Amino acid sequence: MPELPEVETTLRGLRPWLLGSTITEVQVRQPALRWPVVKNLPDLLIGQVIVCMGRRAKYLLIKLQQGSLLIHLGMSGSLRLLLADEIWRKHDHIEMVLHTGKRLRYHDPRRFGSWSWATGDHYQLAKLGPEPLSKQLNGEYLYKKARGRMVPVKNFIMSSDIVVGVGNIYAAESLFSAGIRPDRSAGRISLKRFCILSEHIKNVLGSAIDQGGTTLRDFVDSSGEPGYFKQQLQVYGRHGKACRVCNAALKLQRLGQRSTVFCSRCQK
DNA sequence: CTTTCAGCCTGACGGC
DNA sequence: TGCCGTCAGGCTGAAA
């Protein structure tokens, strides 16, 4: 499941190969993604040069001379750079061929991902909160936004209008290392604890991105998936097992239809 | 305004 | 062996 660090790693792996290339061919085999892929996508892309690539939240942004593509990997999406034509595997949905002969192929079994086209702004980006690694995310900001909010703090930091890119895994991990119970109401957390939490969000995501960098060497012609970060997960997926800090059994809770693991001794 | 929740989709897995 | 139910997950939009 690609979270922000995986998307950033994908961007860094692809950018050197795509930037400045002209798109010569586009094939859409399965247009039914999260949102239907625009019907004339090949017409819109062919002949255009990729002039800029970036990331916002978990979206990849590919800017062309006219308009831009916004790609989301959803739950199971991946982008693979092929050096030559290759047999289409099951769940390969889109391919973009470049004048260099390189091919960008999109694979997504669950089709929760998306390829959106816009000549101007993408509406998906309109109401997003700050990037977690930016200085706009800090304790004061979270504290201010949390005034009057009764939602569990885990749901709060997973809301994309508050801060982007904090998915289920990293929310649980950040709250564990910050020592905050995931079910505590956002509005009842002190400024000081929000300062600690924002630092832990940055550390957890930042170190995952750093580790992703080590896989970039093998990105081309590899599986296309940056691979799971070797970073040791403290709580995610470990319910029932012993807390790595205090040895107590980790507990499982459902918050907003998401499973949430935490240590009731370490997190208050 | 805030909060909750169904729906989108496939593959993996457990129980029978 | 195979069928069936459940779960996983980000994001949207509608309902409460």
Side-chain angles (χ1 to χ4, degrees), chain A residues 1-11 28-37 55-61 69-79 88-94 106-116 118 121-132 142-175 182-189 201 204-205 208 223-226 228-229 233 235-240 250 252-261:
Chain A
M1 55 214 81
E3 296 237 18
L4 186 142
E6 286 88 339
V7 178
E8 180 67 25
T9 299
T10 298
L11 169 68
V28 179
R29 296 211 168 184
Q30 170 57 277
L33 303 186
R34 176 69 175 82
W35 299 293
V37 177
R55 177 191 61 75
R56 175 76 173 104
K58 293 177 188 169
Y59 291 97
L60 279 170
L61 193 57
L69 263 178
L70 189 70
I71 299 175
H72 198 292
L73 302 179
M75 309 296 310
S76 56
S78 61
L79 287 164
W88 287 69
R89 298 176 301 173
K90 195 177 181 185
H91 306 306
D92 281 350
H93 303 314
I94 304 178
Y106 181 68
H107 179 85
D108 187 0
R110 292 183 193 170
R111 310 208 316 261
F112 268 31
S114 61
W115 278 53
S116 309
D121 294 336
H122 290 270
Y123 72 94
Q124 293 97 327
L125 306 182
K127 291 174 181 171
L128 296 180
E131 286 288 324
L142 289 176
Y143 181 76
K144 225 175 169 179
K145 283 280 187 184
R147 293 311 83 209
R149 299 289 301 270
M150 296 300 289
V151 275
V153 63
K154 173 163 177 276
N155 303 44
F156 179 72
I157 60 171
M158 286 178 69
S159 313
S160 59
D161 58 327
I162 300 299
V163 55
V164 301
V166 183
N168 202 37
I169 298 174
Y170 293 112
E173 295 296 315
S174 304
L175 287 165
D183 57 355
R184 187 168 292 283
S185 288
R188 294 178 185 241
I189 289 173
I201 290 171
V204 167
L205 289 172
S223 71
E225 291 167 53
Y228 233 104
F229 297 107
L233 296 175
V235 286
Y236 181 82
R238 297 194 66 243
H239 66 94
L250 296 175
L252 179 65
Q253 193 180 23
R254 282 192 83 79
L255 292 176
Q257 286 97 257
R258 309 283 170 79
S259 59
T260 305
V261 184

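Predicted model only: the values in this text are computed from it and were never measured. Chain letters run A, B, ... following the sequence lines, proteins first and then strands; every chain starts at 1.
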Asker: Check whether any side-chain N or O of His72(A) sits under 4.0 Å from OP1 or OP2 of dC11(C), and answer yes or no.
Answerer: yes
Asker: With rounding to the nearest 0.5 Å, note down the distance linking CD1 in Ile94(A) to CG in Leu79(A).
Answerer: 9.0 Å
Asker: Would you mind reading off the distance between Arg56(A) atom CZ and dG10(C) atom P, rounded to a whole angstrom?
Answerer: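 Nearest whole value for this atom pair: 17 Å.
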Asker: Could you check how far CZ of Arg254(A) sits from P of dC5(B), rounded to whole Å?
Answerer: 11 Å
Asker: Round to the nearest Å and state the distance from Glu6(A) atom CD to dG10(C) atom P.
Answerer: 11 Å
Asker: Looking at NE2 of His122(A) and CG of Leu128(A), how far apart are the two atoms once the value is rounded to the nearest 0.5 Å?
Answerer: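 So the NE2 of His122(A) and the CG of Leu128(A) are separated by 12.0 Å.
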Asker: Just by modelled atom types, is the Pro5(A) backbone N or O under 3.5 Å from a matching donor or acceptor in the Glu3(A) side chain?
Answerer: no
Asker: A side-chain contact here means heavy atoms from C-beta on lying under 4.5 Å apart; do Tyr106(A) and Leu33(A) qualify?
Answerer: yes
Asker: At 4.0 Å (heavy atoms only), tell me whether Phe156(A) reaches a base, stays on the sugar-phosphate, or touches nothing.
Answerer: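 No contact.
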Asker: Ignoring backbone atoms, test whether Arg258(A) places a side-chain nitrogen or oxygen under 4.0 Å from the OP1 or OP2 oxygen of dC7(C).
Answerer: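 For dC7(C), neither OP1 nor OP2 has a side-chain N or O of Arg258(A) closer than 4.0 Å.
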Asker: In whole Å, what is the span from the CD atom of Gln257(A) to the P atom of dC5(B)?
Answerer: 5 Å
Asker: If the test is side-chain contact (heavy atoms from CB on, under 4.5 Å), which one of Thr10(A), Leu61(A), Leu11(A) qualifies with Arg55(A)?
Answerer: Leu11(A)
Asker: How bent is the helix from dT2(B)-dA16(C) to dC16(B)-dG2(C), measuring the angle between the end axes built from five pairs each, rounded to 10°?
Answerer: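 The end-segment axes of the helix from dT2(B)-dA16(C) to dC16(B)-dG2(C) are tilted 60° relative to each other.
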Asker: Please tell me if the side chains of Arg56(A) and Gln124(A) come closer than 4.5 Å, counting only heavy atoms from C-beta onward.
Answerer: no
Asker: Closest to the Met150(A) side chain: dT12(C), dT3(B), dG10(C)?
Answerer: dT3(B)
Asker: Regarding Ser114(A), tell me which of base, sugar-phosphate or nothing describes its non-hydrogen contacts under 4.0 Å with the strands shown.
Answerer: nothing
Asker: Using a heavy-atom cut-off of 4.0 Å across all strands, would you classify Gly256(A) as base, sugar-phosphate, or nothing?
Answerer: nothing
Asker: Between dG13(C) atom P and Asp161(A) atom CG, what is the distance in whole Å?
Answerer: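 Computing the Asp161(A):CG to dG13(C):P distance gives 14 Å.
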Asker: Testing Met75(A), His93(A), Arg34(A) one by one against Arg111(A) for a side-chain contact (heavy atoms from CB on, under 4.5 Å), which residue passes?
Answerer: His93(A)
Asker: Are any side-chain N or O atoms of Arg147(A) and backbone N or O atoms of Tyr143(A), one a donor and one an acceptor, separated by less than 3.5 Å?
Answerer: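 Checked: pair present.
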Asker: NE2 of His239(A) versus C1' of dC7(C): gap in Å, rounded?
Answerer: 11 Å
Asker: Walk along nucleotides 8-13 of chain B from 5' to 3' and tag each nucleotide B, S or - by protein heavy-atom contact under 4.0 Å, base first, then sugar-phosphate.
Answerer: BBBS--
Asker: Atom CG of residue position Asp161(A) - does it have more than 12 heavy atoms of other residues, nucleotides or ligands inside 6.0 Å?
Answerer: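 Yes, CG of Asp161(A) has more than 12 neighbouring heavy atoms, counting only those of other groups under 6.0 Å.
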